[in-house]
Amino acid sequence: METKWFTLRTVEDKESIAQAADILRRGGLLAIPTETVYGLGANGLDETAVLHIFEAKGRPQDNPLILHIPDASWLTRYCEDVPDAAYKLAERFWPGPLTMILKKKPCVPLRTTGGLETVGMRCPDHAVTRAIIEASGVPVAAPSANTSGRPSCTTAEHVREDMWGKIDGIVDGGPCQVGVESTIIDLTVTPPQLLRPGGLPLESLRDALGEVTVDKAVTQKMNDGEKPRAPGMKYRHYAPKAPVTVVTGGAKASARYLLTHAGEKSGIICFDEFTRLFDGHIVHPLGASDDKRAQAQHVFDALRTFDETNVGEIWAQCPDSKGLGLAIGNRLKKAAGFHVEDADDGKIVIGITGGTGAGKTSLLRALERKGACVLDCDAVYHEMLKDDEPLLRALREAFGDVIFRQDGSVDVHAIGLIVFKDRKKLAELDAIVHERIPRALAQKMAATNAEIIGLDAIKLIESGLGAICDATVAVTAPEEVRVKRIMARDSITEEYARSRIAAQKDADYFRAQCDYEFVNDLPTAEKAEHAAEVYINTIINNLKEETER
Ligand code: TXA
Ligand code: MG
């Protein structure tokens with residue numbers, strides 16, 4: 001079959017709209033853009049056309065289709081006993097990502113509704129598509145335009161992958177703005193029930209209607225014999241070859257969890273701020289952890305693109321279930337067959353950074369007195385140099401045999417001499433170390449029973465470790481204070497002390513990169529440690545308040 005492609009971004013393009021509408025009127029199949037996902041549309045009153053939808057998608061016949069209409073005035077043409085609640089919701093949320101289940105009129109064929117006496121009604125927030133439906137004069141039955149079992153299509157290109165040659169036309173109306181399908185609410189029961197979370201948050205429905213219950217299938221795997229109220233909820237959206245594990249919990253805790261558990265061949269779906277921690281993996285960023293709109297837009301794309309890879313398993317970070325998070329989490333969990341692990345272990349990780357002589361030790365001591373487990377990143381690196389095979393292999397590749405002593409141990413001084421003179425080599429060394437250090441530390445964090453963990457790292461930020469700390473603290477002090485401290489501590493000349501300070505990032509850098517700054521210019525260690533204790537308590541209280549909120 002020849003598939004016609006329409007690039008249609010404006011309702012002014014009357015000619016193309018008329019041609020597209022004509023396909024629908026003649027009983028053809030037309031992929032249409034909506035704000036949620038692309039739909040595979042046909043005249044919902046025409047049984048043969050509807051049958052073709054099921055065939056093109058390979059969709060089970062008992063899975064009903066949604067009817068798309070240009071406005072709420074069309075409701076009474078196809079629905080019986082339309083309750084006030086439907087008009088109330090239409091008034092507030094249409095056009096928009098909301099589908100209402102209502103009692104159907106006899107004109108709507110059972111083939112469209114999968115044999116049910118109810119029908120799903122939706123008015124999409126896409127002007128071009130509404131204009132096409134209007135022009136066709138028929139309600140458009142449209143499931144998501146993906147092949148059954150694949151992730152929904154959020155661009156016309158995705159539709160091309162799945163449907164080219166199988167349907168009459170594809171309307172390219174740009175990428176979908178919402179990215180997950182519509183929210184489905186059943187208005188034929190009291191109280192109304194959420195059947196599928198989607199682009200309109202549950203909170204908005206409750207705000208409009210009061211009590212709204214949630215079908216069990218939204219949050220749990222159905223047991224054999226159990227039936228979700230929306231038949232489509234029993235199917236997996238996407239069954240990748242590799243098993244998917246969804247990790248819930250705070251963004252930082254789940255990032256730490258992924259770091260400890262993901263293996264070399266794991267594919268990663270993570271929030272944007274953590275991508276660099278997974279260098280060396282196939283990574284699909286979901287969006288920033290505080291941007292659920294972006295996450296909704298990316299979730300299907302992330303799942304879809306793993307198809308072309310051969311990762312052994314997939315680990316995915318999951319947002320909390322507020323707002324759009326319920327829908328995003330539901331799609332991820334369905335892809336995972338509800339294989340979910342929770343990362344929240346109640347641990348608090350505080351990263352301490354700052355230049356030499358700034359006085360990090362005061363904060364670290366204060367942490368230790370609170371029972372914290374303090375991890376020194378430098379020490380962990382030196383430990384790894386003893387026996388971490390992948391690290392040693394990477395160093396040998398980058399620097400050759402000259403950095404190894406006769407007994408096979410690494411000569412750190414020799415590495416120092418090379419990178420001191422060669423910026424490119426320094427960057428190479430950093431890349432090698434930073435790719436491995438966060439994982440090693442995450443494993444140590446997971447292994448300790450301590451509730452509070454302190455990380456001591458000059459390169460907290462550059463290594464990517466800062467991203468998995470619940471709080472980061474820059475320790476700063478005036479240069480004169482630092483010079484005196486280093487001279488006394490390391491018995492070196494003033495000139496050398498100054499050159500060491502000059503070789504490091506300055507206080508402004510640390511200040512800008514961290515959540516907190518501790519100015520450690522106190523004259524004695526005792527005073528500094530007392531101030532540090534007060535400071536640490538404040539940070540911990542802030543973090544505890546944050547998680548309670
Ligand atoms: O955002 C959307 O809703 C997209 C775009 C294209 O509008 N459409 C969509 O359709 O997601 P589809 O067919 O992929 O999903 C429709 C879901 C299925 O889970 C189906 O079982 C459920 O809606 N559904 C449809 N009619 C129903 C009814 N009468 N009672 C219960 N569930 C129904
Ligand atoms: Mg679908």
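Counting starts at 1 for both ligands and their atoms, in listed order.
Between Y257 and D344, every side-chain heavy-atom pair lies at or beyond the 4.5 Å cut-off.
Atoms of ligand 1 found under 4.0 Å from any heavy atom of L116 (numbered from 1 in listed order, with element): 28 (C), 29 (N), 30 (N). Remark: ligand 1 atoms within the under-4.0 Å shell around heavy atoms of N63 are 18 (C), 20 (C), 21 (O). In summary, the atoms of ligand 1 found under 4.0 Å from a heavy atom of T118, numbered by their order in the structure, are 28 (C), 29 (N), 30 (N). Contact atoms of ligand 1 toward H68: 5 (C), 6 (C), 7 (O) (distance under 4.0 Å to a heavy atom of the residue).
Using a cut-off of 4.0 Å between Lys/Arg side-chain N and Asp/Glu carboxylate O, R92 and D207 are scored as salt-bridged.
For the pair K104 and ligand 1, no heavy-atom separation below 4.0 Å is found. Heavy-atom distances between P124 and ligand 1 stay at or above 4.0 Å for every pair. Distances from ligand 1 to the non-hydrogen atoms of I184 include at least one value under 4.0 Å.
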### Query
When you look at E157 and R160, which way does the salt bridge (Lys or Arg N to Asp or Glu O under 4.0 Å) test go after all the steps?
CA-CA 5 Å; E157 279 308 320; R160 187 205 291 272; 3.1 Å; yes
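For H284 and F306, the gap between ring centers is short of 6.0 Å.
For ligand 1, the polar-atom distance check against E181 finds no nitrogen or oxygen pair separated by under 3.5 Å. Annotation: T36 places an N or O atom under 3.5 Å from an N or O atom of ligand 1; distance criterion only.
Inclusion of S152 in the first shell of the Mg ion (ligand 2) is not supported: no N, O or S atom falls under 2.8 Å.
Partners of H434 according to the side-chain contact (heavy atoms from CB on, under 4.5 Å) rule, which considers only residues two or more places apart in sequence or in another chain, are D430, K459, E462, S463.
Here R122 has side-chain heavy atoms under 4.0 Å from ligand 1, and that is the only part of it that gets that close.
At distances below 3.5 Å, not a single donor-acceptor pair connects side-chain atoms of R122 with backbone N or O atoms of H68.
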Sequence neighbours left out, cut at 3.5 Å: what donor-acceptor pairs do the side chains of residues 43-64 make with other protein atoms?
from	atom 1	to	atom 2	distance (Å)
N43	OD1	L45	N	2.9
D46	OD1	T48	N	3.0
D46	OD1	A49	N	3.1
K57	NZ	S144	O	2.6
K57	NZ	N146	O	2.9
R59	NE	N63	O	3.2
R59	NH2	N63	OD1	3.2
R59	NH2	P64	O	2.8
D62	OD1	Y235	OH	3.0
D62	OD2	K234	NZ	3.3
N63	OD1	G232	N	3.2

